[in-house]
Amino acid sequence: MNDYIKTMRQLIGSRPMLLPGVRALIFNPQGEILLLRRLDMPRWCLPSGSVELGETALDALKREVAEETSLVVLKAEPMGLYSGPTQRFTYPNGDEIYCFSIAFVVRQWEGEPRPDGIEGSELRFFAMSQLPDDLVATHKPTIEDYAHYRGTFLLP
């Protein structure tokens, strides 16, 4: 959790807050998507995180992917903006957020995927037809939208 979010949580407690963020749909050459197994709850999710003060969305994406997966993003394409009621999320500690996240498609990256052991315990590539049932609910629409994505920025 970055310092800004810690400060805000001290002021508002667990009440809902709007959180700008990024999420990465990272694909290998076989077209499989990389998912992260969270440590704070038994769920799979996209590599993702919040944008820090003074940071661009692209810089946040590169930082979050590097932190959570050890991968270096070489090129990322903005796919869509996710916000609204389907993007409400409650952490195990009771903190609530409404995500306002830009999803990026990442096909060009380098490195060997390794979980950080802080946010994630496992990284695995999944075929789009064989995704795990226990996905983080706020990421399901993003992954589903990818099937219909044709290069035009989505505003679902």
Side-chain angles (χ1 to χ4, degrees), residues 1-27 33-109 113-124 126 131-132 134-149 152-156:
M1 185 183 311
N2 68 43
D3 291 338
Y4 174 74
I5 295 172
K6 287 179 187 175
T7 301
M8 294 305 295
R9 282 291 172 212
Q10 290 172 352
L11 295 171
I12 67 168
S14 292
R15 287 181 284 176
M17 67 185 283
L18 185 63
L19 189 62
V22 292
R23 48 186 78 153
L25 293 98
I26 301 172
F27 293 93
I33 190 168
L34 183 65
L35 297 177
L36 170 77
R37 182 79 169 167
R38 295 182 62 98
L39 275 170
D40 60 351
M41 65 184 77
R43 298 269 184 258
W44 290 94
C45 68
L46 295 168
S48 58
S50 61
V51 177
E52 295 183 0
L53 292 176
E55 188 175 44
T56 69
L58 183 57
D59 287 341
L61 177 82
K62 290 178 178 182
R63 177 184 50 77
E64 287 289 347
V65 168
E67 289 174 1
E68 295 180 4
T69 71
S70 296
L71 297 177
V72 175
V73 172
L74 300 176
K75 187 175 180 184
E77 177 182 346
M79 183 185 92
L81 178 64
Y82 292 83
S83 60
T86 64
Q87 297 301 301
R88 182 178 183 176
F89 185 80
T90 304
Y91 287 95
N93 68 357
D95 288 352
E96 290 186 56
I97 62 170
Y98 278 87
C99 300
F100 192 87
S101 294
I102 298 175
F104 289 86
V105 176
V106 178
R107 292 186 188 92
Q108 295 180 26
W109 48 270
R114 286 189 317 273
D116 64 3
I118 298 167
E119 293 183 57
S121 61
E122 183 180 356
L123 287 165
R124 189 184 318 163
F126 289 88
L131 296 173
D134 56 345
L135 283 168
V136 168
T138 55
H139 291 184
K140 284 181 183 180
T142 307
I143 295 169
E144 290 167 357
D145 284 349
Y146 177 76
H148 309 289
Y149 177 63
T152 301
F153 192 77
L154 303 171
L155 289 171

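Heavy atoms only: backbone and side chains are in, while hydrogens, waters and symmetry mates are out.
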| Over all atoms of both residues, closest heavy-atom pair of T69 and P47 | CG2-CG, 3.9 Å
| request: For H139 and L46, indicate whether the former's side chain and the latter's backbone hold a donor-acceptor pair under 3.5 Å. | output: yes
| said: Could you measure the distance from the CG atom of L36 to the OG atom of S121? Nearest 0.5 Å is fine. | reply: 7.5 Å
| query | To the nearest 0.5 Å, what is the distance between CG (N2) and CG (L19)? | reply | 8.0 Å
| In terms of heavy-atom contacts, does OH of Y4 have more than 12 from other residues, nucleotides or ligands at under 6.0 Å? | no
| said: I need the minimum non-hydrogen distance between Y98 and P85, along with the two atoms involved. | reply: CE2-CA, 4.3 Å
| remark: On a heavy-atom basis, the closest approach of Y146 and L25 is CB-CD2, 3.9 Å
| said: Show the nearest heavy-atom pair for residues C45 and R38, with the distance to one decimal. | reply: SG-CG, 3.6 Å
| Heavy-atom side-chain contact between I33 and L131 under 4.5 Å | yes
| query | Out of R15, R88, K6, R9, which one pairs with D95 under the salt bridge (Lys or Arg N to Asp or Glu O under 4.0 Å) rule? | reply | R9
| message | Quick one, L135 with L35, criterion side-chain contact (heavy atoms from CB on, under 4.5 Å). Give me CA distance, side-chain angles, the key distance, then yes/no. | response | CA-CA 9 Å; L135 283 168; L35 297 177; 3.7 Å; yes
| field | Separation of S48 OG from E119 CD (nearest 0.5 Å) | value | 8.0 Å
| So, D3 side chain and T7 main chain: donor-acceptor pair closer than 3.5 Å or not? | no
| said: Please check: side-chain N/O of Q87 versus main-chain N/O of T138, any donor-acceptor pairing under 3.5 Å? | reply: yes
| Shortest non-hydrogen contact from P78 toward Y149 | O-OH, 3.5 Å
| field | Side-chain heavy-atom pair D134, R37 within 4.5 angstrom cut-off | value | yes
| remark: Distance col, row L71:CG vs L123:CG, nearest 0.5 angstrom, shows 7.5 Å
| message | If you apply the rule side-chain contact (heavy atoms from CB on, under 4.5 Å), what do you find for V106 with V65, and how did you get there? | response | CA-CA 10 Å; V106 178; V65 168; 5.6 Å; no
| request: Please lay out, stage by stage, how R107 and K75 fare under the test side-chain contact (heavy atoms from CB on, under 4.5 Å). | output: CA-CA 7 Å; R107 292 186 188 92; K75 187 175 180 184; over 6 Å; no
| query | Between R63 and E67, is there a salt bridge with N-O shorter than 4.0 Å? | reply | yes
| message | I'd like to know whether L61 forms a side-chain contact (heavy atoms from CB on, under 4.5 Å) with L58, so could you lay out the CA-CA distance, the side-chain angles of the two residues, the decisive distance to 0.1 Å, and finally the verdict. | response | CA-CA 5 Å; L61 177 82; L58 183 57; 4.2 Å; yes
| message | On a heavy-atom basis, which atom in P115 and which in G120 lie closest, and how many Å separate them? | response | CB-O, 3.6 Å
| query | Would you call Y82 and D145 a side-chain contact if the rule is heavy atoms closer than 4.5 Å? | reply | yes
| request: Quick one: pull up OG in S83 and CD1 in I102 and give me the separation to the nearest 0.5 Å. | output: 10.5 Å
| query | Do Y91 and F89 make the cut of ring centroids closer than 6.0 angstrom? | reply | yes
| Straight-line distance of F104 CZ to M79 CE, nearest 0.5 Å | 11.0 Å
